[in-house]
Amino acid sequence: MVDHAFVDYDLQIGAATVRRSCHPSLLIVMTASASSKTPYRFNLLATAPPDSILGLTETFLADTNPNKMNLSVGVYKDATGQTPILRCVKEAERRLVEGEVTKGYLPISGVPEYCGQVGELIFGGNIDPSRIATLQTPGGTGGLRIAAGFIAGQLSSIRLWTPNPTWANHLPVFASEGVPMESYRYLAADRTSFDFEGMADDLQNNAKPGDAVLLHACCHNPTGVDPTPEQWADIAQILAAKRLLPVIDFAYQGFGKGLQEDASSIHAILKANAEAIICNSFSKNFGLYSERVGGLTLVAADASAATAAMSQLKKVVRCNYSNPPRHGAAIVSTILGDETLTEMWHDELAEMRTRIHQLRAQFVETMKTSGSGHDFSFLLPQNGMFSYSGLNQMQVDQLKNQHSIYIVGSGRINVAGMNEDRMGQLCSAVADVIEN
C-alpha cells in the first residue's frame, strides 16, 4: 500500500517564506541535512593569491594617480601608449571577413597552411619537413601546456631543467601536468650577465641523461640576457653529450636581432641534436595578444617518429581544448601567404624592434643625468621587451606606493611599455628610490 500522507513545511527563499508539502520521510532527511555541521563545498575554498603580474595590473587600474605608469605586463605599446593593431593585420582581417564562408571546426592540429608557415619561419627550410610535427596552439602558453602534457604522458621518467630565473608561468604550467623540475643557474651573481659556467656545470654534473632542458631561444624573459652565438654552440654540445631534450620557448622571434638572427640559437641546437620541442608565439611579433596564436613544433629524428609523436600530441589536445580557434591563425597565414603583406609585416616588426632598442638606450642615457650616480649601461646589450633593472623589492614597492610606477617585484621592467615623452618622469622616480 502506498502512503499518500504529506506534511506541510516552511521553506525560506531569501527574505521570503514559502509553504511547501512533502512526504514525512523526506522531511526527516531534509531536516537532518539542514542541521548538519557540514558546510557547503565551495565555502571550503581558499582564495588564491593574485597572479604576480596580472594582479599588479588590477592594482594599477584602481590607482587614481593621473601620472601612473604600468611597466609590468609584457605588451608592446607605441608612442601614444596604445598597443597597436599592425597595418598588415588590419588588411589581412579585411580580406578574411570579405571571403569568410564558414565557422566550422578546424582539425585538431589547426590551419594546415599556418602549420607549414610556422616551420618555415623557425627553420628556414633547413630541416626535412617529414621530421617535423606542428600544432597550432592557443598562444605560446597553450603550446607549453601541450608540451607539458606530452612529456608527462610519453616521457614520464624525465625531469625538466628550467633556468633560474625564468618566466613566472613556466613552473606552474609544467607543474600542472606533474612534470618534475629542477633549476639550473642562468643569471650571474651580479644580476646583469649570463652565468654560462654555472649553467654548464649544472647540466653536465647534475642533469641525468635523457632529461629535458627548458631554453629561451632569444629575448630571455625576465632578464633580457641572452647567450652569445658561441655560447649557444657550446650549449648545443652539452645537450648532445648528455642526450638532453631541448624544450625551447620562442615567444619573441624578431624582437631581438631579427627574424632569422633570433632563430639562430635553434639552428645551433638542431645542428648537434636530432630532437627538440619548440613552442612559439605570435602575440608580440604580430601584435595578436588577444587572438591567442601560437604553435608547438616537435622535431624528431625521422619521419616515422614524427608521425607517432603527432598522434600523441593530438591526443593531448583532444582532451584539452579539442581544436584551436581559427581567426588569429588565419590572419598570420594570410600575411605570410602574400608577398606584399609579408613585406609590410617585416617593416612593422623592424619598427617595433628598433624602437625598443631606442627606449632602452634612452633610459640608460637619461639615468646618467638623473643624479642617482647609478650606471645602467648593462642594459644596452640586452634583447627584447624585458630587462632586469637591479632594483630590489623595497625599491619596487617605493616606485608603486610613492610614484604610481608598477614593475614586477623581481625588478623586471617592460622596456616596450616605456614612453619617450615620459622617460624623465620614470628616471626621476627610479633615481629617487635608489637614493633613498
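Residue numbers start at 1 and run along the sequence shown. Because the structure is predicted, anything quoted here is derived from the model rather than measured. Keep in mind that the numbers below use all heavy atoms, side chains included, and drop hydrogens, waters and symmetry copies.
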Roughly how far, to the nearest 0.5 Å, is [atom2] of [Y] from [atom1] of [X]?
X	Y	atom1	atom2	answer
Leu270	Arg131	CG	CZ	7.0 Å
Leu86	Leu341	CG	CG	11.5 Å
Thr223	Arg191	OG1	CZ	10.0 Å
Ser265	Ile235	OG	CD1	9.0 Å
Asp63	Asn70	CG	CG	10.0 Å
Glu365	Leu380	CD	CG	7.5 Å

Closest non-hydrogen atom pair between [X] and [Y], with its separation:
X	Y	answer
Asn65	His403	ND2-O, 4.3 Å
Leu296	Leu313	CD2-CD1, 3.8 Å
Ile248	Ala217	CG2-CB, 3.6 Å
Gln362	Glu420	NE2-O, 3.2 Å
Ile238	Ala200	CD1-CB, 3.6 Å
Phe376	Ser389	CE2-O, 3.2 Å

Chi angles and distances behind the side-chain hydrogen bond (donor to acceptor under 3.5 Å, both in side chains) call for Asn221, His216:
CA-CA 8 Å; Asn221 180 4; His216 298 234; over 6 Å; no
Side chain to side chain, [X] and [Y], heavy atoms closer than 4.5 Å:
X	Y	answer
Met69	Leu71	yes
Thr297	Ile122	yes
Leu379	Gln382	yes
Trp345	Val89	no
Lys77	Gln82	no
Ser183	Trp161	no
Leu171	Thr162	yes
Lys284	Tyr76	no

Tell me, with the steps shown, if Phe363 and Cys427 meet side-chain contact (heavy atoms from CB on, under 4.5 Å).
CA-CA 7 Å; Phe363 176 81; Cys427 292; 3.6 Å; yes
Pair Tyr388, Leu187 - check side-chain contact (heavy atoms from CB on, under 4.5 Å), show working.
CA-CA 10 Å; Tyr388 254 20; Leu187 199 64; 3.4 Å; yes
Report yes or no: does [X] contribute a side-chain atom to a donor-acceptor pair with the main-chain N or O of [Y] at less than 3.5 Å?
X	Y	answer
Thr334	Ala92	no
Gln231	Thr228	yes
Ser156	Gly153	no
Arg360	Met385	no

Cut-off 3.5 Å, no hydrogens considered: what does the side-chain donor-acceptor table look like for residues 97-105, sequence neighbours left out?
residue : atom : partner : partner atom : Å
Glu98   : OE1  : Arg94   : NH1          : 3.2
Glu98   : OE2  : Arg94   : NH1          : 3.0
Glu100  : OE1  : Lys103  : NZ           : 3.3
Glu100  : OE2  : Lys103  : NZ           : 2.9
Thr102  : OG1  : Gly104  : N            : 2.9

In sequence, state the C-alpha distance, the side-chain angles, and the governing distance for Asp338 and Arg95, and then conclude on salt bridge (charged side-chain N to carboxylate O under 4.0 Å, His left out).
CA-CA 12 Å; Asp338 182 275; Arg95 297 182 189 182; 3.2 Å; yes
What do the steps show when you test Arg422 against Gln425 for side-chain hydrogen bond (donor to acceptor under 3.5 Å, both in side chains), and what is the final call?
CA-CA 5 Å; Arg422 301 182 67 188; Gln425 174 196 346; 3.1 Å; yes
Below 30° counts as parallel, above 60° as perpendicular, anything between as tilted: where do the rings of [X] and [Y] land?
X	Y	value
His374	Phe378	perpendicular
Phe255	Tyr252	tilted
Tyr186	His220	parallel
Phe282	Phe286	perpendicular

Stepwise, does the salt bridge (charged side-chain N to carboxylate O under 4.0 Å, His left out) test hold for Asp78 with Arg355?
CA-CA 9 Å; Asp78 61 19; Arg355 182 166 175 269; over 6 Å; no
Stepwise, does the salt bridge (charged side-chain N to carboxylate O under 4.0 Å, His left out) test hold for Asp262 with Lys257?
CA-CA 6 Å; Asp262 291 347; Lys257 304 294 186 184; over 6 Å; no
Over 12 foreign heavy atoms within 6.0 Å of [atom1], [X]:
X	atom1	result
Lys242	NZ	yes
Glu343	CD	no
Ile85	CD1	no

I'd like a table of donor-acceptor pairs (distance under 3.5 Å, sequence neighbours excluded) in which one partner is a side-chain atom from residues 274-281, with atom names and distances.
residue : atom : partner : partner atom : Å
Asn280  : OD1  : Gly295  : N            : 3.4
Ser281  : OG   : Ser283  : N            : 3.1
Ser281  : OG   : Ser283  : OG           : 3.3

Would Asn401 and Asp397 count as a side-chain hydrogen bond (donor to acceptor under 3.5 Å, both in side chains) if you check the C-alpha gap in whole Å, the side-chain angles of each, and the deciding distance to 0.1 Å?
CA-CA 6 Å; Asn401 298 329; Asp397 290 341; 5.4 Å; no
Criterion side-chain contact (heavy atoms from CB on, under 4.5 Å) on Asn323 and Val317, from CA distance to verdict
CA-CA 7 Å; Asn323 41 41; Val317 170; 5.7 Å; no
Taking it one step at a time, do Gln136 and Ser109 satisfy side-chain hydrogen bond (donor to acceptor under 3.5 Å, both in side chains)?
CA-CA 6 Å; Gln136 174 194 334; Ser109 57; over 6 Å; no
Is it possible for you to check whether Arg412 lies under 6.0 Å from the centre of the six-membered ring of Phe386, through NZ or CZ, and within 45° of that ring's axis?
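That pair qualifies as a cation-pi contact.
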Quick check with a 6.0 Å cut-off and a 45 degree axis cone: is Lys68 positioned over the face of Tyr406's six-membered ring?
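Ring-cation test returns no.
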Salt-bridge test for Glu93 and Lys90: reply yes if a basic N is under 4.0 Å from a carboxylate O, no otherwise.
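Salt bridge flag = no for Lys90 with Glu93.
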Check Arg87 with Glu351, please: is the shortest side-chain N to carboxylate O separation under 4.0 Å?
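Yes, Glu351 and Arg87 are salt-bridged.
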I would like to know whether Glu177 and Ile151 meet side-chain contact (heavy atoms from CB on, under 4.5 Å); could you show each step before the answer?
CA-CA 9 Å; Glu177 294 287 351; Ile151 290 172; over 6 Å; no
